[in-house]
There are 2 protein chains.
Amino acid sequence: MGARIKDVAERAGVSVTSVSRVLNGEKYISQRILDKVNQAIKELNYSPSQIARSLKKQKTNTIGVIVPDFTNYFCSTILSSIEESASEYGYNLIVCNIAENLDKELKYLQAVQEMRVDGIIIMHQKTDERILSFIESASMPILFSCVRSPLPDRFSVLINDYQAASDATDYLIGLGHRRIAFLGGDLEDVTSGQSRYQGYLDALSKAGIPLNPDFVKFGNYKQESGRIRMKEILEQGAGERPTVVFAASDDMAVGAMNCILDYGLRIPEDISIMGFDDSLIAKAVRPMLTSMHQPARELGRTSLEYLHNLIEDRGQPCCKEIYLPHRIMERASCRRI
Amino acid sequence: MGARIKDVAERAGVSVTSVSRVLNGEKYISQRILDKVNQAIKELNYSPSQIARSLKKQKTNTIGVIVPDFTNYFCSTILSSIEESASEYGYNLIVCNIAENLDKELKYLQAVQEMRVDGIIIMHQKTDERILSFIESASMPILFSCVRSPLPDRFSVLINDYQAASDATDYLIGLGHRRIAFLGGDLEDVTSGQSRYQGYLDALSKAGIPLNPDFVKFGNYKQESGRIRMKEILEQGAGERPTVVFAASDDMAVGAMNCILDYGLRIPEDISIMGFDDSLIAKAVRPMLTSMHQPARELGRTSLEYLHNLIEDRGQPCCKEIYLPHRIMERASCRRI
DNA sequence: ATGAAAGCGCTAACAC
DNA sequence: GTGTTAGCGCTTTCAT
């Protein structure tokens, strides 16, 4: 990258200090110098080095984002929303796709630390000792988005997964369902996976509905796992079929839907189905999917704003977990029985 | 971030050079020093600064990726595949979501240049003079992925959009269709948008089928625009309906599908439909979507590999445009008539 | 209002 | 094998 600040200074016949001042838009610079410097910058096609600037200022205006899976609608919506806000605040994003690989996550955490990002947003679901200990000893702000922080002194922005799953189950019970199957995410996912399952369990028990273990299966939030687990439920021989399936993600719900449809059953006449996330795909399938709405864009924006506050040391959020409101989006895939 | 290399050196009682050597895994270091340094690193929880390293080495091991829209399945698949390869080669990714905003793209291009990324991958569809002139005068390697390079001395990795659209149209003609509607992407998208349209036109004319202007609409590749344009075609009063709709993206195809379905028409009995991209959504909808397959993961991987070669100065690719093979994925949404 | 010079944390000659 | 030291390109006191 050709020109350095020194070249600009020489060309303009001024000191590097003056060039730096122009670059940083300081006041108290004479018009004469301003013009000469701008002229020289143009002539040399000069682009200042953020590397050098970051080294000196000990600030990179960069934040690292750890995402489980770019190709997941919900993740990419959050990411896109984080990006939008980051752009407003002048941050650039280093993104890391960990693909549920803890080794990769650790490697990335180290990498962004070495790059001296100003802060980190983590959306991972699983974790392990190494990662926990990294986070614990890291000195930069770290915020968890859409998952609960595993550590007491780190913050998270998310919905109340337990309450949301419980509300969803209540809703299905209110529709007259008693045989309610649950297609869970990963149980190793200690934050949303377990919370959503627990919400389902408690809502059933509150309504006095006994749990049918045949109606509970776990996957990995992806479509294919929804299809496979649904198949297991349908082929379980003897027992009765559920009248509704509550999936812990829209992707799993769609997988289950297609399994049901491919079996020649109708939705919602034979089996109702409810998703979780209310991602774009919920409106793309037919029948349209009733789903628990997570305010994805607000989650992304709020995550970035809180991280920004942490970085600027504007004091801590009010509480360790910031809950954004969830709500049920009623569509065509659940019927009253 | 507490400790610097100097602190480690003092703690270990050696010179900074020795620490640097250990850090960079050089050989010819005595076991004694190695142990002492590693010990000190651990005790101080030292993390080397990539900023300082980059400044010195004039290399950041970072590449910038300009993406039109994270939330698009096809984009996110490419991105995820680029990420995967980048990770193998030891690059970190700065990603930029431009949301079809040219101002934002220019801002981002400047930003990644200032961050001294080792190279840039661009996936944008539209462009303008300012961006062109930036790219022209930029001194780092820039590679276009999934779009044709607008500049003669820059490379691209993509499929042959013209040929693919022409093949798709041929396929539909082979199925007996003559009333073939076309749901195009953006005509301002000078690379794929125009090429796909031209492929469609030429295939029709080669088969001696006159173009029906009522059957051609343009959108923006997104679902909603597919739905809206399809509605226009369906409500066009007087004329006959098309027997098949060829959409320039799967998302538009799904939008069109839902419009058709919501109209009470059947797919493919009443109208067949064909998509483009073969993204995840093609298999998520019912009937499953016949689509022109783009080898997304290979496109991403190849893009990164060629950029890497450019960065390492391993000579230029064989040709300006590297075409990867496309193919038709036959599914249930198109019938022979 | 402008400039000289120190130093951010690291690497790589070069010397021993 | 190991250490000394000069920068990488910038910002920022501190003088003037």
Side-chain angles (χ1 to χ4, degrees), chain A residues 1-38 40-41 44-62 110-118 139-140, chain B residues 1-38 40-41 44-62 110-118 139-140:
Chain A
M1 300 302 316
R4 295 143 306 162
I5 198 172
K6 187 159 151 282
D7 303 318
V8 177
E10 280 168 9
R11 179 114 188 176
V14 301
S15 73
V16 291
T17 314
S18 293
V19 178
S20 173
R21 285 188 178 121
V22 172
L23 253 25
N24 293 284
E26 284 176 37
K27 36 203 316 201
Y28 308 128
I29 346 178
S30 68
Q31 191 62 46
R32 198 178 49 85
I33 288 209
L34 197 87
D35 292 342
K36 283 199 296 183
V37 169
N38 280 327
I41 288 177
L44 295 172
N45 193 21
Y46 170 71
S47 159
S49 163
Q50 276 300 341
I51 301 294
R53 185 175 282 171
S54 296
L55 181 59
K56 180 66 194 177
K57 298 179 80 153
Q58 301 292 79
K59 179 142 192 343
T60 53
N61 294 314
T62 289
Q110 279 157 186
V112 294
Q113 165 168 274
E114 293 185 354
M115 294 174 88
R116 299 294 188 261
V117 294
D118 296 334
S139 61
M140 74 258 291
Chain B
M1 299 305 314
R4 295 142 306 165
I5 198 171
K6 188 160 149 283
D7 303 317
V8 177
E10 280 168 11
R11 179 112 189 177
V14 301
S15 72
V16 291
T17 314
S18 292
V19 179
S20 173
R21 283 185 179 125
V22 172
L23 254 24
N24 292 285
E26 284 175 36
K27 35 204 316 198
Y28 308 128
I29 342 179
S30 67
Q31 191 62 43
R32 199 178 50 85
I33 288 209
L34 197 86
D35 292 341
K36 283 200 294 185
V37 169
N38 280 326
I41 287 177
L44 296 172
N45 194 21
Y46 169 71
S47 159
S49 163
Q50 276 300 340
I51 302 293
R53 186 176 280 170
S54 295
L55 180 60
K56 179 65 193 180
K57 298 179 82 153
Q58 301 291 78
K59 178 142 194 338
T60 54
N61 294 313
T62 290
Q110 278 158 188
V112 295
Q113 166 168 274
E114 292 185 353
M115 294 175 87
R116 300 294 188 261
V117 294
D118 296 333
S139 62
M140 76 257 291

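Protein chains get the first letters and strands the later ones, always in sequence-line order, with residue 1 at the start of each.
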To the nearest Å, give me how far apart [atom1] ([X]) and [atom2] ([N]) are.
X	N	atom1	atom2	value
A/Glu26	D/dC10	CD	C1'	13 Å
A/Asp7	D/dC8	CG	P	11 Å
B/Lys56	D/dC10	NZ	P	15 Å
B/Arg32	D/dT2	CZ	C1'	10 Å
B/Arg4	C/dT11	CZ	P	15 Å
A/Ile5	D/dG7	CD1	C1'	16 Å
B/Lys59	C/dC10	NZ	C1'	16 Å
B/Leu55	C/dA12	CG	C1'	14 Å

B/Ser20 vs B/Ile5 side-chain heavy atoms within contact, under 4.5 Å: yes
Among C/dA1, C/dT11, D/dT2, the one nearest B/Ile29 by side-chain distance: D/dT2
A/Lys57, nearest nucleotide to its side chain (from D/dT12, D/dG9, C/dC8): D/dT12
Near-strand residues of residues 11-23 of chain A, defined as heavy-atom separation under 4.0 angstrom from DNA chain D: A/Thr17, A/Ser20
For [X], side-chain hydrogen bond (donor to acceptor under 3.5 Å, both in side chains) partners two or more places apart:
X	answer
A/Asn45	none
B/Asn61	B/Lys59
B/Arg21	none

[N], OP1 or OP2 - any side-chain N/O from [X] closer than 4.0 Å?
X	N	value
A/Tyr46	D/dC10	yes
B/Arg53	C/dC10	no
B/Gln58	C/dT11	no

Test side-chain contact (heavy atoms from CB on, under 4.5 Å) applied to B/Thr60 - qualifying residues, sequence neighbours left out: A/Ile51, B/Ser54, B/Thr62, B/Arg116, B/Asp118
Minimum heavy-atom distance B/Asn24-B/Lys57, with the two atoms named: OD1-NZ, 4.4 Å
A/Asn24 vs B/Ser30, nearer the 5' end of DNA chain D by closest nucleotide: B/Ser30
Sugar-phosphate only, base, or nothing, as touched by A/Ile51 at under 4.0 Å among non-hydrogen atoms: nothing
Pairs where residues 26-37 of chain A contributes a residue and the test side chain to side chain donor-acceptor pair (under 3.5 Å) is met, not counting sequence neighbours: A/Gln31-A/Asp35
